[in-house]
Amino acid sequence: MFGIAPGHAEVWAMLRTRQDKRMADLCATADALVNKIAGEHHLSVRWSLLG
């Protein structure tokens with residue numbers, strides 16, 4: 001074990017597609033995956049959309 005676990009962390013990602021429908025599908029898939037992984041590790045999730 002190395003040091004103290006952080007109390008706060010951020011993960012940034014940029015999602016891109018050429019079509020609005022594909023972007024909606026990609027965002028939904030990313031949302032489900034992030035929430036699944038966060039839940040497994042007892043982490044909270046907050047989304048911020050830029051652009």
Side-chain angles (χ1 to χ4, degrees):
M1 187 171 226
F2 299 97
I4 298 172
H8 174 84
E10 294 183 9
V11 176
W12 289 62
M14 182 178 295
L15 305 177
R16 291 184 178 184
T17 66
R18 292 180 184 240
Q19 300 168 341
D20 290 341
K21 170 68 171 114
R22 291 192 65 149
M23 178 56 83
D25 293 344
L26 180 59
C27 288
T29 300
D31 181 62
L33 181 60
V34 166
N35 284 303
K36 176 184 180 292
I37 293 169
E40 291 171 356
H41 296 277
H42 309 288
L43 302 171
S44 62
V45 175
R46 183 182 67 182
W47 289 94
S48 177
L49 302 177
L50 303 176

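Nothing here was measured: the structure is a model prediction, and the numbers come from that model.
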Restricting to side chain to side chain donor-acceptor pair (under 3.5 Å), what partner residues turn up for Asp31, sequence neighbours left out? Asn35, Trp47
Partners meeting salt bridge (Lys or Arg N to Asp or Glu O under 4.0 Å) with Glu40 (sequence neighbours left out): Lys36
Using residues 22-29 as the side-chain source, report each donor-acceptor pair under 3.5 Å to any protein atom, sequence neighbours left out, with the distance given to one decimal.
unit_1	atom_1	unit_2	atom_2	d
Asp25	OD1	Lys21	NZ	2.8
Asp25	OD2	Lys21	NZ	3.1
Thr29	OG1	Asp25	O	3.0

